[in-house]
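Comments concern the structure below.
Numbering of residues begins at 1 and proceeds along the displayed sequence. All figures in this text were calculated on a predicted structure; none of them were measured in a lab. First listed ligand is number 1; within each ligand, the first listed atom is number 1.
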Amino acid sequence: MSILNKKTVRDVDVSGKKIIMRCDFNVPMDKEGNITDDLRIKGALPTINYLLENGASIILMSHLGRPKGEAKPEFSLAPIAKRIAELVGKEVFFADDSDVVGENAKQMAANLNFGEIMMLQNVRYRKEETKNIENFSKELASLGDVFINDAFGTAHRAHCSTTGIANYLPSAMGLLIEKEITIMGTAVEKPEQPFVAILGGAKVSDKIGVIKNLLDKVQVLIIGGGMAYTFIKAQGYEIGNSLLEEEKMDLALELIRTAREKGVHLILPVDTVIADEFKEGANYKTVDIKKMPKGWIGVDIGEETVKLFEDIILSAKTVIWNGPMGVFEIPAFAEGTRKVAHLLSLCDGTTIIGGGDSAAAVEQLGYAEKMTHISTGGGASLELFEGKILPGIDILESK
Ligand code: AMP
């Protein structure tokens, strides 16, 4: 059954109901506890506003960080409740219970009036949460009438608040998950062609499933970033001290062969920026990929490689991108990632950034507005690209 057939909040009668809604408010914070990027909080606003406009009351829940089953104040959701109140322009009652569903939460939920919002404490304060143990799912379910999952960033996890609770309440997805899977699910299930995938980042091992699944769908697969060097070495070339997963070299050759058999144009870097040290201020230069000297480290794709991508990206009808092209955290090695982001910003087709580091790069480099979609879930979008079923969506009722 396709995830595109699942019920959304629009298919449920929410009027006069208490909606318990799972969001992904796992936002980055600085040492003082200030929220440094509220993209994920803003992502939940369409569903919150929809529910308020349609006469529901809302009980919000989320995790933040990894408190590992203990009530640790540094992982409190209090600052998140405050930010939501500012964004919605309405008070958000915060049930600060160390056991999440405690006396405060129960009383607040019982007294919650339509149009009001309350928020539970960090669901990962409870050790049952990540183990998906029944008792906590039931406790959560007892607070509301309908479960809405809008936490795309944790949709690939089967936890009490993402799947367990759906066993006890009518359920549907929120508008953020709907948007994420409509855009990304459609791209992967029925892409407009030419369909180009760009994969980068550190490890081949993280992306094997994605590469295999995409080889059946894309016309072009571009591989850059640290993972490219394992492919280069597997073909017999020197890669110096670049990132290498030796045990994945055979697999890399197999993937190159499979791509050829399936008629997929698999593009690897033809030149690379190399550095003598893995840090800001290191000496660096660009060399032919087949002439990498010993002792140097590959840190970015080179200009010739970017040129190779240009026509392909500009003429694509669908592009998905996951993983930076180089060590973009160091400005001198961010050029390849920046240029790929720039090319995507000029592409007229559907451009999808699959969360995580590439989303951070696109935002940091100022191209966010130019993309069709930037996913709020790195891990979840990768699993979607892999063709995996996301448990937090699979569990929801079908239309
Ligand atoms: P991932 O989480 O797999 O998408 O990997 C993202 C990380 O890959 C970023 O922190 C990048 O700095 C890193 N990365 C990209 N290119 C390289 C490279 N050539 N060598 C080492 N790390 C890299």
Quick one: do Glu129 and Arg126 satisfy salt bridge (Lys or Arg N to Asp or Glu O under 4.0 Å)? Show the steps, please. CA-CA 6 Å; Glu129 164 66 3; Arg126 289 284 291 266; over 6 Å; no
Which residue and heavy atom of the protein sit nearest [atom], plus the separation:
atom: atom 5 (O) of ligand 1; value: Ala202 N, 3.0 Å
atom: atom 22 (N) of ligand 1; value: Val327 CG2, 3.8 Å
atom: atom 18 (C) of ligand 1; value: Gly226 CA, 3.5 Å

Under the criterion salt bridge (Lys or Arg N to Asp or Glu O under 4.0 Å), I'd like the reasoning laid out for Arg40 against Asp24: C-alpha separation, chi angles, the key distance, then a yes or no. CA-CA 7 Å; Arg40 285 181 159 176; Asp24 183 358; 3.3 Å; yes
Val299 and ligand 1 - part of the residue with a heavy-atom distance under 4.0 Å: backbone
Under 4.0 Å from ligand 1, counting heavy atoms only, is it the side chain of Lys207, its backbone, both or neither? side chain
Any donor-acceptor pair under 3.5 Å linking the side-chain atoms of [Y] with those of [X]?
X: Gln193; Y: Thr318; answer: no
X: Ser161; Y: Arg22; answer: yes
X: Thr372; Y: Thr351; answer: yes

Output yes when the distance from some N or O of ligand 1 to some N or O of Glu329 is under 3.5 Å, and no in every other case. yes
Say whether Leu243, considering both its backbone and side-chain N or O atoms, lies within less than 3.5 Å of an N or O atom on ligand 1. no
Taking only heavy atoms of [X], which atoms of ligand 1 are found under 4.0 Å from at least one of them?
X: Gly201; answer: 1 (P), 3 (O), 4 (O), 5 (O), 6 (C), 8 (O)
X: Phe278; answer: 21 (C)
X: Asp357; answer: 2 (O), 5 (O), 6 (C), 7 (C), 9 (C)

CG of Leu268 to CD1 of Ile256: how many Å apart, nearest 0.5 Å? 5.5 Å
If you look only at pairs with a residue in residues 305-350, which of them pass as a ring-ring contact (aromatic ring centres under 6.0 Å, His included), with sequence neighbours excluded? Tyr284-Phe333, His342-Tyr367
